Amino acid sequence: MYPRLIIDLKKLESNINGVAKITKEQGKMSLMIVTKGLAADKEMTQMVAKHPAVDFMADSRVKNIATYVDGAHANNKMTVLLRIPMHCEIEEVIKNVDLSFNSELSTIKLLNEEAKKQSKTHNVLLMVDMGDLREGIFFQNEEEIFKTVEEILKLENINLYGIGVNLTCYGAIIPKSDNLGGLVEIAGKIEEKFNIKLNMVSGGNSSSIYLVGKGEMPEGITNLRLGESFLLGNDTAYGTKLEGTTDDALILEAQIVELKEKPSLPIGEVGVDAFGEKPYYEDRGVIKRAIIGIGKQDTDLGGMIPLDSDIEILGGSSDHTILDVTKSKNAYRVGDIISFKVEYGAMLKLATSEYVNKVYIR
Ligand SMILES: *Cc1c(COP(=O)(O)O)cnc(C)c1O
């Protein structure tokens, strides 16, 4: 059945080898594989759990982690919650997560209470905001950082595992030796001030990996958290392909439901489209238009890259996507399948949609 997402587990496995070569061998850092981009797909997380190069398995949602915590533990991997916990999910966090990212003392105190109840010690990574302005204590407020550390160290069932930063998410700030170096400096000050050793200084996501190749990853960054670079094979700071990875481990296939020659300009008074937006059209005369059975409910139309590079995506609505196939060398017919590579947003929606079938190459 179409639409379907083909997940090539062998290619994903070799992508892990590729990123491990960079982060572990060259960079001497631990490797945290992030599973949220494929909505913690079961087959994928089983492969990740068994992969010897993976040290941690992380996701932003506790519900996803709960599906693979047993497999992770059976393979000696810690589970990690990337999104700062909500107060309503504390019990589930303690149950399923070994290490959670945090920035609010009130939340860490609730984690402590619940960990006590469940007779566990919960690990916490304190997030520091180095300028991207998403989560974390702002780096210029060092007193707040130290005060929070001091309070965390008093909590009996909490272990301060380390500190970390997230970049290139809200503010699109690119990791450099200065902002990551600043994080290492803060880690050093914490270790000195409190006479402790931090297990982890986590230097970001797939936008940080490019620094290793340039030899600019500051010493003292001991971990990277990789989702997109493992799934799609690119660094996300500059979008370059990473050596040893492929960008076609995930392929979307959709079926043509209509193929007709029609004008490129709609006829009549122009209002707004199905999503309340005013469309833009280019007059190309009469073109060959293919409609495929997939739409905005299933994916991001702008994040689909046709393998047939002569195809252009014109637009679509909830359930339909319209392609200009005029220039294609293939003589498409109704019922034919069109294949696409995917970008992050498109992948995320495809993985989440119950209308998209998943098939695996093993
Ligand atoms: C999503 C996320 C990651 C992984 O990001 P990628 O760009 O997919 O590598 C890492 N850290 C945090 C905090 C995240 O939310």
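For the single chain, residues carry numbers from 1 onward in sequence order. Each ligand, and each atom within it, is numbered from 1 in the order the structure gives. Everything quoted here is computed from the prediction, not taken from an experiment.
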Any N or O of [X] closer than 3.5 Å to N or O of ligand 1:
X      : value
Thr236 : no
Ser229 : no
Glu135 : no
Leu82  : no

Return the closest protein heavy atom for [atom] as residue, atom name and distance.
atom                    : value
atom 5 (O) of ligand 1  : Asn205 CB, 3.3 Å
atom 12 (C) of ligand 1 : Asn166 OD1, 3.5 Å
atom 9 (O) of ligand 1  : Ser206 OG, 2.5 Å
atom 11 (N) of ligand 1 : Arg225 NE, 2.8 Å

Just let me know how Arg134 lines up against ligand 1, side chain, backbone, both or neither, with a heavy-atom cut-off below 4.0 Å.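 Side chain only.
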Part of Val34 within contact of ligand 1 (heavy atoms, under 4.0 Å): side chain
For Tyr281, is the OH atom crowded, meaning more than 12 foreign heavy atoms sit under 6.0 Å from it? yes
For the NZ atom on Lys327, are there more than 12 heavy atoms of other groups (residues, nucleotides or ligands in this structure) within a distance under 6.0 Å? no
Test the Lys189-Phe146 pair against the cation-pi criterion, namely NZ or CZ under 6.0 angstrom from the six-membered ring centroid and within 45° of the ring axis. no
Taking the non-hydrogen atoms of Met32, is any one of them nearer than 4.0 angstrom to ligand 1?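 Heavy atoms of Met32 never come under 4.0 Å of ligand 1.
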Below 4.0 angstrom from a heavy atom of [X], which ligand 1 atoms are there? Numbered from 1 as shown, please.
X      : result
Glu228 : 6 (P), 8 (O), 9 (O)
Leu226 : 9 (O)
Lys36  : 1 (C), 2 (C), 3 (C), 14 (C), 15 (O)

Asp59 and side-chain hydrogen bond (donor to acceptor under 3.5 Å, both in side chains): which partner among Asn64, Thr79, Asn96?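 Result for side-chain hydrogen bond (donor to acceptor under 3.5 Å, both in side chains) with Asp59: Asn64.
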Could you tell me whether a side-chain N or O of [X] sits under 3.5 Å from a main-chain N or O of [Y], the two making a donor and an acceptor?
X      : Y      : value
Asp336 : Arg333 : yes
Asp41  : Glu43  : yes
Ser264 : Arg284 : yes
Tyr210 : Pro175 : yes
Asp8   : Lys10  : yes

